[in-house]
Asker: 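Questions regarding the structure given below will be posed in turn.
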Amino acid sequence: MLKNKYIIFTVFLSLAAGASAQKAERDYIRKGNRLFNDSVFVDAEVNYRKALEVNPKSTVSMYNLGNTLSQQQKFQDAMEQYATASNIEKDKMKLAQIYHNMGVLLQSGKDYAKAVEAYKMSLRNNPTDNETRYNLALAQKMLKDQQQDQNKDQDQKKDQQQKQDQKQDQNKDKQNDQKQDDKKDQQQPPKSDKKDNQMSKENAEQLLNSVMQDEKDVQDKVKKQQKVLQGGRLEKDW
């Protein structure tokens with residue numbers, strides 16, 4: 001009998017402790033919500049974290065903490081809270097809100113592909129949410145525009161690369177042609193003008209004939225002089 005009383009007392013204490021913890025969690029969440037609504041985001045973060053210390057699996061605290069982190073531009077930390085909450089939460093309406101906010105953060109970071117998937121997950125859990133449906137359509141349009149811009153940039157880069165390659169090939173061809181021309185110039189002797197060579201030969205023959213004629217004239221003159229001298233000797237006595 002005494003043993004049974006001890007067990008009952010222990011269970012009562014456990015229930016009391018659990019109820020006290022739940023109350024503390026609720027109090028922290030409520031205080032955090034008031035601070036969040038007053039835009040006191042740092043203090044709101046403190047209270048949501050205290051609620052998580054009491055109940056580490058509180059998806060409400062995770063979701064609200066993600067919201068206040070997002071307001072402080074701590075987007076990566078906010079995404080971590082949303083992702084953890086999405087893995088634990090079973091309620092479809094709450095899941096829809098979590099994925100909706102994930103989509104908003106992804107869209108603001110221009111990660112439109114993941115934003116589209118997050119909005120789709122939100123609509124799977126709450127198909128009647130028109131705000132999420134609108135955000136999905138907007139994210140899909142922005143994703144399409146982004147892909148077109150990327151394709152355009154890729155095409156421009158490809159065209160620039162092709163033009164650069166063509167220019168390099170042209171320069172290479174010019175260099176090869178120049179090398180071949182230089183090689184031909186080195187291998188082949190200088191071209192001679194046959195006409196000039198023939199003229200030179202004719203000139204040489206004319207010059208030779210002229211010299212021979214001059215020499216003949218000189219010899220004739222010498223012979224004549226010799227005759228005169230010889231004749232003079234006959235006339236004059238030395």
Asker: Would you say the side-chain atoms of Gln107 and Tyr119 include a donor-acceptor pair closer than 3.5 Å?
Answerer: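 The answer is yes; a qualifying pair exists.
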
Asker: Is the ring pair Phe36/Phe41 parallel, tilted or perpendicular, if the boundaries are 30 and 60 degrees?
Answerer: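 Ring orientation of Phe36 relative to Phe41: perpendicular.
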
Asker: Any Lys/Arg nitrogen of Asp38 or Arg34 sitting under 4.0 Å from an Asp/Glu carboxylate oxygen of the other?
Answerer: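 Salt bridge absent between Asp38 and Arg34.
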
Asker: Side-chain contact, heavy-atom cut-off 4.5 Å: Lys57 with Leu52?
Answerer: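 With C-beta onward as the side chain, the pair stays apart.
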
Asker: Checking Asn55 side chain against Ala51 main chain: does a donor-acceptor pair fall under 3.5 Å?
Answerer: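 Flag not set: sc Asn55 to bb Ala51 has no pair under 3.5 Å.
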
Asker: Measure the CG-CE distance between Leu95 and Met93 for me, rounded to the nearest 0.5 Å.
Answerer: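 Result: 10.5 Å between the selected atoms.
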
Asker: Do the non-hydrogen side-chain atoms of Val60 and Lys94 ever get within less than 4.5 Å of each other?
Answerer: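 The answer is yes; the side chains approach within 4.5 Å.
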
Asker: Please examine the side chains of Val104 and Asn135, heavy atoms only from C-beta on, and report whether any two atoms are closer than 4.5 Å.
Answerer: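 The answer is yes, as the side chains (C-beta and beyond) meet within the 4.5 Å cut-off.
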
Asker: Would you mind reporting whether Arg133 and Leu123 have side-chain heavy atoms less than 4.5 Å apart?
Answerer: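 Leu123 reaches Arg133 side chain to side chain.
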
Asker: List the steps and the verdict of side-chain contact (heavy atoms from CB on, under 4.5 Å) for Gln97 and Met102.
Answerer: CA-CA 9 Å; Gln97 292 177 340; Met102 291 176 71; over 6 Å; no

Asker: Side chains of His100 and Glu131: does their closest heavy-atom pair fall under 4.5 Å?
Answerer: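 Counting from C-beta outward, His100 and Glu131 do come under 4.5 Å.
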
Asker: Working to the nearest 0.5 angstrom, can you tell me the gap between Leu65 CG and Gln81 CD?
Answerer: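 Going from CG on Leu65 over to CD on Gln81, the span is 4.0 Å.
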
Asker: Just how far is it from atom CG of Leu105 to atom CE of Met79, taken to the nearest 0.5 Å?
Answerer: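 Nearest 0.5 Å value for the CG-CE distance: 6.0 Å.
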
Asker: Decide yes or no on side-chain hydrogen bond (donor to acceptor under 3.5 Å, both in side chains) for Tyr112 and Asp145, but give the supporting numbers first.
Answerer: CA-CA 10 Å; Tyr112 302 121; Asp145 293 342; over 6 Å; no

Asker: So, are Glu45 and Lys74 salt-bridged, with charged N and O less than 4.0 Å apart?
Answerer: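 Yes.
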
Asker: Side-chain heavy atoms nearer than 4.5 Å, only ILVMFWY residues, links allowed to pass through others: does that put Val116 and Met121 together?
Answerer: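 No; tracing contacts between hydrophobic side chains, which count when under 4.5 Å, never links both residues.
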
Asker: Do you know the tightest heavy-atom contact between Ala96 and Ser122?
Answerer: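 Of all heavy-atom pairs spanning Ala96 and Ser122, the closest is O-OG, 2.7 Å.
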
Asker: Check this for me, if you would: do Arg49 and Glu53 make a salt bridge, where the nitrogen-to-carboxylate-oxygen distance has to be below 4.0 angstrom?
Answerer: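 A salt bridge is absent here (no side-chain N lies under 4.0 Å from a carboxylate O).
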
Asker: If you take all heavy atoms of Ala78 and Gly66, which pair is closest and at what distance?
Answerer: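 Minimum heavy-atom separation between Ala78 and Gly66: CB-O, 3.3 Å.
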
Asker: Quick one: does any side-chain atom of Gln71 pair with a main-chain N or O of Asn67 as donor and acceptor, under 3.5 Å?
Answerer: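 Looks like no, no N/O pair under 3.5 Å.
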
Asker: Do the non-hydrogen side-chain atoms of Leu136 and Lys120 ever get within less than 4.5 Å of each other?
Answerer: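 Sidechains of Lys120 and Leu136: in contact.
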
Asker: Assess the side chains of Asn33 and Tyr48: does a donor N or O sit below 3.5 Å from an acceptor N or O?
Answerer: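 Short answer, yes.
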
Asker: In the structure I gave you, are the side-chain heavy atoms of Thr68 and Gln72 within less than 4.5 Å of one another anywhere?
Answerer: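 The answer is yes; the side chains approach within 4.5 Å.
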
Asker: For Tyr99 and Arg124, indicate whether the former's side chain and the latter's backbone hold a donor-acceptor pair under 3.5 Å.
Answerer: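 No: the side chain of Tyr99 does not pair with the backbone of Arg124.
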
Asker: Check whether any side-chain heavy atom of Ile29 lies under 4.5 Å from a side-chain heavy atom of Ser61, and answer yes or no.
Answerer: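 Touching, per the 4.5 Å side-chain cut-off.
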
Asker: Measure from the side-chain N and O atoms of Asn87 to the backbone N and O of Ala83, and report whether any donor-acceptor pair falls under 3.5 Å.
Answerer: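 Judged by distance alone, yes, a pair lies under 3.5 Å.
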
Asker: Between Lys31 and Asp27, is the closest basic N to carboxylate O distance under 4.0 Å?
Answerer: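 No, no charged N to carboxylate O under 4.0 Å.
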
Asker: If I take atom OG from residue Ser86 and atom CE from residue Met62, how far apart are they, to the nearest 0.5 angstrom?
Answerer: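 These two atoms lie 10.0 Å from each other.
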
Asker: Measure the NZ-CG distance between Lys90 and Asn125 for me, rounded to the nearest 0.5 Å.
Answerer: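 Answer for the NZ-CG pair, Lys90 versus Asn125, is 11.5 Å.
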
